[in-house]
Amino acid sequence: MAGIWLDVLDEIAHTCSAHGRDDLLETVRQKRAQLLDPKLRVLVIGEPNQGKSQLINAIINAPACPVGDGRTTVLPTVVQHAEAAYAAVAQAPGRSAGGTAVVAVERTPVALNQVAAGVAGTVGRRSGGGPAYVEIGVPRALLGAGLVLVDTPGADEAAAVGGAGPVASPGRADTVLLVSDSTRELSVTELDMLLHVMRSHPNVVVVQSKTDLVADWRAVAERNRQHLADAGIPAPVIPVSATLRLRAATADDRDLNAESGFPTLIARLRRDMCGKADQLARGAVQAVARTVVEQLAAPLRAELATQEAEEQSGPISRLHAAQREVDELRRCSTRWQNTLNDEVADLLSDIEYDLRDRTRQILRAVDDAFDTADPLVAWDTFQDWLERSLVEAAEANHEWLIQRCDWIARRVAANFARYGYDVLPPWSMTMPDDIGERLPELERPRIDRFTTGQKLFTGMKGSYGGMLMFGLATTLAGMPMINPVSVGIGALFGGKSIRDESKQLLRRRQATVKTAIQRHVDDVFVRVIRDCRDAVRQVQRMLRDHFTGLTEELQEAIVQSFRSAKQEADTDAAQREQRQREIRLKMTRLAAVYEQAQQLSGARATPGLLEPRA
């Protein structure tokens, strides 16, 4: 039956080699050599002063390990069979100059009466050397059957001397005995120790020592079994008394020996020796498989998690970012075109309204002026003012046009602010120098003058009517028609007629001038508005061409970036998918190895052991 677990162990070693884990491979090889060794290596562990050394002495019925007088186990003690009793301190020479570990062990013989000093680390141990342990040979039949007992320092003592070394490692043992005396229940530290040992070694026994000191040791044992069950530790509890065992050996008392509990413990050890090549080996291979699979699967799970994280921050994320840039540029193109069209439409309307408002103010000033002024007298002065006012209005309107065009350019450029550089067009719009010369000339309107002949004729008509009307009235009084009274009144009527005609001619001249100026201002308005519209259209075309070219440049760069990101993402996705297939294949093979190891005892693989963890 050894071939089954040996094949599984060799498969585990092959898996370690395939994963490049030489450290695990060396551990598996050591476990292989240990399992093929017919000797049963029993590791005795526990907290200080629990009776570990006395337990070993009681098992072999020999004072191999020093006890009593406050003696402390500092170095591990290996008790094995020998034809003649001997003791030695074995120590590795440390590391070579190249830093590689040296396997050879140097042994320093120690007198049997100095074993206690050797265990305490004061005899036979060289400073600066590697890990050391005490080796004791005893001629006993139980040891000759293949039993090897290893006494370990307590947990606190081992930490004080830097650890117990490889010889006291649970992984190097076939059976582990945890010793806890009957004066108390299992402590939290001991339960944690058992849980740690169970991960690498399934064959663990709790030995409850010193039952001779506690009357209710059976209750303590029952509570310990409950603690083990609650912690999920499948370890039996065997109560023993080393004192009764040694006393029974001295008195050859079988009943006292049975009362000591050691026959049960020794029977368990003999069963383990008989089952090492089969049952113990199967359990050991299962523990090795679990440890190896966990250590090999952990980096694979971590790599899968890393790849998932890189998928969010790697080429795929850059591809998504490039796609967002393409979409954003498309929206930006729509926004700046809408902004340009809307702002130009508003500008044309505002420019026309501004110029219309300025010309209306001029016309109101004209109306106010020629309500009283005579064009014959004030025309020359007024003409200079009107031309100057129209030029100022056109210049102010054009200046506002320039400011608004610059504002529109900046408003459109603001849509490209996220791209991080200046996108204003290299242009400058200035005031034309000949804006006054481009305005239509004001023609002097034809104005009727009140000549002397017209005044004489108008006065004669008015005086004739007045003289005739009053002359007829005076004839009724017996006076002639032409008399001093009628002549005076006729003169008055003639003067009034001249004044009335003069006022009418003035109003006609004012109306004529107002109409002429209205036509001229309208001509100026049409000319200026046409020039402004042409200028706005030119600015619009210039801005449209500039930002269209800029959009095409950005689009070309972003599309190129998108293509590169897509190609990189496709390549990365293919590589990641290939690597994920390889990882899953390795995980499947690890699961198969683990399942094969579990089938050695009919158990099934632990669910979720090889599943990727979140």
Inset, instruction - Check whether any side-chain heavy atom of Trp400 sits under 4.5 Å from a side-chain heavy atom of Gln403, and report yes or no. - result: yes
Inset, instruction - Taking the side chain as every heavy atom from C-beta outward, state whether Leu340 and Phe547 have any pair of such atoms under 4.5 Å apart. - result: no
Inset, instruction - Check whether the side chains of Gln361 and Arg364 place a donor and an acceptor atom closer than 3.5 Å, and report yes or no. - result: no
Legend entry - Atom CD of Gln578 with >12 non-hydrogen neighbours under 6.0 angstrom: yes
Legend entry - Residues Gln538 and Asp534: side-chain donor-acceptor under 3.5 angstrom: no
Legend entry - Beyond-backbone contact of Cys16 with Val292, side-chain heavy atoms, under 4.5 angstrom: yes
Inset, instruction - Let me know which of Thr551, Asn341, Asn415 forms a side chain to side chain donor-acceptor pair (under 3.5 Å) with Trp336. - result: Thr551
Legend entry - Heavy-atom pair with the smallest gap, counting every atom of Ile529 and Glu352: CD1-CA, 3.5 Å
Legend entry - Interatomic spacing from CD1 in Ile351 to CG in Asp531 - rounded to 0.5 Å: 12.5 Å
Inset, instruction - Using a 4.5 Å cut-off on heavy atoms from C-beta on, say whether the side chain of Ile233 contacts that of Met198. - result: yes
Identify all side-chain donor-acceptor contacts of residues 342-350 below 3.5 Å with residues at least two apart in sequence or on another chain.
residue, atom, partner, partner atom, Å
Glu343, OE2, Arg411, NH1, 2.9
Asp350, OD2, Arg404, NH1, 2.9
Asp350, OD2, Arg404, NH2, 3.4

Inset, instruction - Drop me the distance from Thr359's OG1 to Asp354's CG, to the nearest 0.5 angstrom. - result: 9.5 Å
Inset, instruction - Supply the atom-to-atom distance Glu395 CD to Arg358 CZ, rounded to the nearest 0.5 angstrom. - result: 11.0 Å
Legend entry - Thr27 side chain vs Asp23 backbone, donor-acceptor pair below 3.5 Å: yes
Legend entry - Closest heavy-atom pair and its distance - Leu355, Ala393: CD1-O, 4.2 Å
Legend entry - Carboxylate-amine/guanidinium proximity below 4.0 Å for Asp327 and Arg330: yes
Legend entry - Arg290/Glu294 salt bridge by N-O under 4.0 Å criterion: yes
Legend entry - Nearest atoms (heavy-atom pairs only) where Leu401 meets Val536: CD1-CG2, 3.2 Å
Inset, instruction - Over all heavy atoms of both residues, which pair between Ala13 and Val28 is shortest? Give the atoms and the distance, please. - result: CB-CG1, 3.8 Å
Inset, instruction - Go through the steps for Ile517 and Ile362 under the test side chain to side chain contact (heavy atoms under 4.5 Å, CB included), then give the verdict. - result: CA-CA 10 Å; Ile517 293 175; Ile362 293 174; 5.9 Å; no
Inset, instruction - Would you give the length of the straight line joining atom CG of Asp230 to atom NE2 of His227, rounded to the nearest 0.5 angstrom? - result: 7.5 Å
Legend entry - Candidate pair Arg32 and Asp10, rule side chain to side chain contact (heavy atoms under 4.5 Å, CB included), full reasoning: CA-CA 8 Å; Arg32 187 180 191 275; Asp10 290 340; 2.8 Å; yes
Legend entry - Heavy-atom check, side chain of Cys532 versus side chain of Asn397, under 4.5 Å: yes
Inset, instruction - Salt-bridge test for Asp545 and Arg541: reply yes if a basic N is under 4.0 Å from a carboxylate O, no otherwise. - result: no
Legend entry - Approximate separation, where rounding is to 0.5 Å, of Ile12 CD1 and Asp7 CG: 11.0 Å
Legend entry - Within 6.0 angstrom of Arg199 CZ, more than 12 heavy atoms from elsewhere: no
Legend entry - Side-chain donor-acceptor contact under 3.5 Å, Ser333 with Gln337: yes
Inset, instruction - Of all the heavy-atom pairs spanning Thr339 and Val412, show the shortest one and how long it is. - result: CG2-CG2, 4.1 Å
Legend entry - Approximate separation, where rounding is to 0.5 Å, of Glu387 CD and His520 NE2: 6.5 Å
Legend entry - Test side-chain hydrogen bond (donor to acceptor under 3.5 Å, both in side chains) applied to Arg410 - qualifying residues, sequence neighbours left out: Asp406
